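The block underneath contains the structure these notes are about, expressed in structure tokens.
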Amino acid sequence: MRADEHHASGSSSRLLDAVVSVVAVAMSLYHMYVAGFGPPQAMIFRGTHLLFALTLVFLLFPLVRRGALGWRAFDALLLVLSWGFVLHIFLNFEYYTNRIIYIDDLTVADQFFAVVAVLIVLEATRRVIGWALPVTAIAFLVYAAVFTQVKMPVLMEQLYLSTEGIFGSTLGVSASYVMLFVIFGAFMERSGTGQLFMDFAMSITGSSAGGPGKVAVVSSSLFGTVSGSAVANVMVDGPITIPLMKRTGFRPPFAAAVEAVASTGGQLMPPVMGAAAFVMAEFLAVPYAQVALWAAIPALLYYGAVFFAVHFESKRYGLAGVPKAELPRFLTVMAQRGHLFTPILIVLAGLMLGYSAPLAALVAALACVPVALLRSTTRGGISWRSVLGALQDGARNTLAVAMACACAGIVIGCVTITGLGITFTQVVIALAQDSLVLALLLTAVAGIVLGMGMPTTPAYIVMVALLVPAVIKLGAVTPAAHMFALYFAILSAITPPVALAVFAAAGLAKADIWSTGWAAMRAGAPAYIVPFMFIYEPALLTIGDWRVTLFATLSALVGVVLLSAGLFGYLLRPASMWQRALLVAAAVLLIKPGWTTDLAGAGLAMVVIVAQLVSERHATQRARAS
């Protein structure tokens with residue numbers, strides 16, 4: 001490359017960076033303003049959100065890296081068309097507000113921009129998250145256009161000029177909720193909260209058996225409440241926890257598995273869950289705080305299972321923790337950095353007091369930098385650049401969710417206009433032969449398969465459109481059915497053959513992907529059972545009497561611990577095969593709701609405990625005699 005070409009390339013790169021920064025900061029500031037002062041009309045708000053997202057996508061994700069001028073011109077054309085189909089609605093908004101939907105004919109411009117909108121959204125989504133979701137949306141489009149009686153102008157109107165398609169409620173969730181919580185997470189990260197999470201986890205669990213593995217569980221659960229992304233969580237926590245686990249004796253596949261499973265659970269962890277939780281709140285027309293409350297006990301069961309999986313594996317192989325001299329002290333951590341928990345407490349307080357989730361997230365985000373400046377121990381590195389960086393990160397990190405929600409809107413629009421949801425419900429019920437268990441198994445498999453190729457949010461949305469109605473019709477409580485779909489969409493991140501969190505963690509651990517995948521399934525095995533538990537015992541979602549909830553929670557928690565013990569071959573001491581079989585049987589009985597099964601499970605567990613205590617006593621006596 002000649003010097004003048006190199007100079008020109010560098011100049012254009014700097015100009016592009018500057019434009020991206022300005023657009024990203026403007027996007028974050030716009031959504032913060034809306035959270036504080038209220039949104040405009042839904043179509044305007046969602047359209048503006050999509051316009052910001054599309055602009056950044058075509059600037060940040062060119063069709064060809066280092067492409068020739070022709071390819072850059074093609075990206076510029078797509079960007080112009082993106083502005084065109086959104087501004088077409090904005091400039092004719094009064095006309096679209098007053099026209100009679102599905103009755104008044106579409107103009108030629110309407111039809112042109114409807115086709116453009118669908119194609120642009122599909123291409124932008126492909127660039128950000130890959131082919132799986134766009135291909136799914138294309139399949140639904142083909143079904144609606146070719147195999148049903150829906151006329152093409154009606155389908156265009158549904159997808160483009162209504163709030164049932166691209167500009168539907170799913171995009172509204174991205175604009176209203178997800179954007180603010182992603183900005184909040186960016187401010188938390190820039191203010192040094194990630195280091196607090198790590199030091200906090202190290203101080204309370206680092207010295208126990210398998211301490212680094214438990215650190216991964218605790219820190220990933222804390223960071224996951226902010227990030228909402230399994231892979232992002234792995235990439236932040238993993239570089240610290242995985243080498244630490246390997247250093248203290250963990251096998252690389254298991255070290256990677258622990259980090260992957262712990263990071264995946266962050267999407268289930270209140271108070272700030274993954275993006276799909278906000279979509280659930282929108283679908284069920286309940287406050288987000290209600291969804292967080294439903295998720296609290298299942299999240300406890302999930303992380304309890306992973307924590308004890310690490311504990312039993314460590315005990316079985318004699319893995320020690322990190323020497324106390326090398327660990328931060330809890331009181332020192334809290335004294336120096338504990339105040340950085342304040343923004344999370346603000347979110348909790350805001351939700352409990354009944355304020356909207358976006359407003360709570362806005363106030364918490366605005367509090368992050370002032371809180372970090374309170375003490376000299378957290379003041380270093382905080383400047384106006386930190387604020388700009390957080391605003392840019394907030395916009396960039398929203399792109400995948402925004403495009404997924406817009407593309408999922410195409411799927412929802414096709415399902416709604418064709419009545420496919422009702423047809424699919426009938427098919428599922430017929431396949432399940434009126435059996436709730438079979439319907440749940442079909443839903444679980446579908447959730448894992450869908451989640452393998454697309455993010456949690458669109459996978460959950462597709463399941464709600466096609467499978468959840470059948471589960472509800474067969475007797476499941478509505479919140480439990482939705483939470484069931486959410487769980488299995490999330491668990492795909494640790495389920496081979498396509499397990500994105502496992503891939504990320506295995507890469508950090510330099511471990512075999514398949515070995516890591518099976519280790520992750522074993523470590524997270526109880527998590528695959530938890531969704532069935534709250535379907536049959538809604539008290540685990542805090543639905544019903546609190547005493548029933550308390551008893552069901554204790555029973556289920558003991559059950560998942562015993563299941564981990566049986567799978568990993570250790571309870572009080574190494575377990576023989578018959579003891580492991582009894583522990584698994586006891587776990588299944590305790591997990592199943594009902595007094596009879598709980599008593600039977602407790603009885604089997606006591607048999608193993610007594611046998612292990614006797615064995616331990618005999619081993620001690622033999623050691624003394626020798």
Side-chain angles (χ1 to χ4, degrees), residues 12 15-16 19-20 22-24 26-27 30 42-65 67-93 95-96 106-131 133-138 140-142 144-145 152-153 155-168 170-172 174-175 395-396 398-411 413-414:
S12 63
L15 177 61
L16 178 62
V19 171
V20 167
V22 169
V23 174
M27 182 179 182
Y30 171 74
M43 199 78 162
I44 298 292
F45 181 40
R46 295 168 188 177
T48 305
H49 176 70
L50 182 59
L51 190 55
F52 270 121
L54 287 170
T55 302
L56 287 174
V57 167
F58 290 121
L59 290 175
L60 289 169
F61 299 87
L63 185 63
V64 178
R65 300 284 180 184
L69 190 60
W71 290 117
R72 293 175 189 164
F74 180 69
D75 289 328
L77 174 62
L78 294 182
L79 185 54
V80 169
L81 290 173
S82 300
W83 280 74
F85 83 75
V86 176
L87 291 180
H88 179 67
I89 294 177
F90 288 3
L91 296 176
N92 300 282
F93 187 69
Y95 164 68
Y96 292 124
L106 297 179
T107 66
V108 173
D110 292 339
Q111 295 182 37
F112 171 76
F113 281 117
V115 174
V116 166
V118 171
L119 294 177
I120 290 287
V121 167
L122 290 172
E123 170 60 11
T125 306
R126 182 198 67 78
R127 293 192 185 193
V128 180
I129 62 175
W131 277 105
L133 183 55
V135 167
T136 303
I138 290 169
F140 280 90
L141 281 168
V142 170
M152 188 57 70
L155 181 60
M156 290 178 175
E157 192 164 6
Q158 171 83 352
L159 298 179
Y160 177 52
L161 293 178
S162 77
T163 53
E164 299 292 329
I166 291 171
F167 300 102
T170 53
L171 185 63
S174 175
R396 287 176 180 236
T398 307
L399 296 181
V401 175
M403 296 319 307
C405 287
C407 195
I410 295 175
V411 175
C414 292

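Computed over heavy atoms, backbone and side chain alike; hydrogens, waters and symmetry mates excluded. In this text, all values refer to a predicted model and were calculated from it rather than measured experimentally.
- Taken to the nearest 0.5 Å, the SG atom of C414 stands 11.0 Å off from the CD1 atom of I138.
- Atoms OH and CZ, from Y160 and F167 in turn, are 6.5 Å apart once rounded to the nearest 0.5 Å.
- Side-chain contact check for H49 versus Y30: every heavy-atom pair is 4.5 Å or farther apart.
- Here the side chains of T398 and S174 are in contact, with some heavy-atom distance below 4.5 Å.
- Under the ring-ring contact (aromatic ring centres under 6.0 Å, His included) criterion, F45 pairs with H31, sequence neighbours left out.
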TODO: Given side-chain contact (heavy atoms from CB on, under 4.5 Å), test I89 with F113 step by step and report yes or no.
DONE: CA-CA 9 Å; I89 294 177; F113 281 117; over 6 Å; no

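- Contact annotation: the side chain of L78 never approaches that of L63 to less than 4.5 Å [non-hydrogen atoms, C-beta and beyond].
- For the pair I410 and F140, the minimum side-chain heavy-atom distance is 4.5 Å or more.
- Taken from CG in L59 to CG in D75, the straight-line distance is 9.0 Å, to the nearest 0.5 Å.
- For the pair L399/F61, a side-chain contact is recorded, criterion being any heavy-atom separation below 4.5 Å from C-beta on.
- Using a 4.5 Å cut-off on side-chain heavy atoms (C-beta onward), E164 and L159 make no contact.
- The two atoms that bring A53 and M403 nearest to each other are CB-SD, 4.2 Å, heavy atoms only.
- When every heavy atom of L54 is checked against every heavy atom of A124, the shortest pair comes out as CD2-CB, 3.5 Å.
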TODO: Decide yes or no on side-chain contact (heavy atoms from CB on, under 4.5 Å) for L81 and F58, but give the supporting numbers first.
DONE: CA-CA 11 Å; L81 290 173; F58 290 121; over 6 Å; no

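- Nearest heavy atom pair, residue I129 against residue A404, reads CD1-CB, 4.1 Å.
- Among pairs with a residue in residues 108-122, those fulfilling side-chain hydrogen bond (donor to acceptor under 3.5 Å, both in side chains) read H88-D110, Y96-D110, T107-D110, at least two apart in sequence or across chains.
- When every heavy atom of A137 is checked against every heavy atom of V411, the shortest pair comes out as CA-CG2, 3.8 Å.
- Here the CH2 atom belonging to W83 is positioned 5.0 Å from the OG1 atom belonging to T55, to the nearest 0.5 angstrom.
- Between L141 and L122, some side-chain heavy-atom pair lies under the 4.5 Å cut-off.
- R46 places a side-chain heavy atom less than 4.5 Å from the side chain of T163.
- In terms of heavy atoms, L106 sits closest to P153 at CD1-O, 3.5 Å.
- How far OG of S162 is from CE of M43: 6.5 Å, rounded to the nearest 0.5 Å.
- Atoms OG and CG, on S82 and L77 in that order, are 9.0 Å from each other to the nearest 0.5 Å.
- Taking each heavy atom of Q158 and G413 in turn, the nearest pair found is NE2-O, 3.3 Å.
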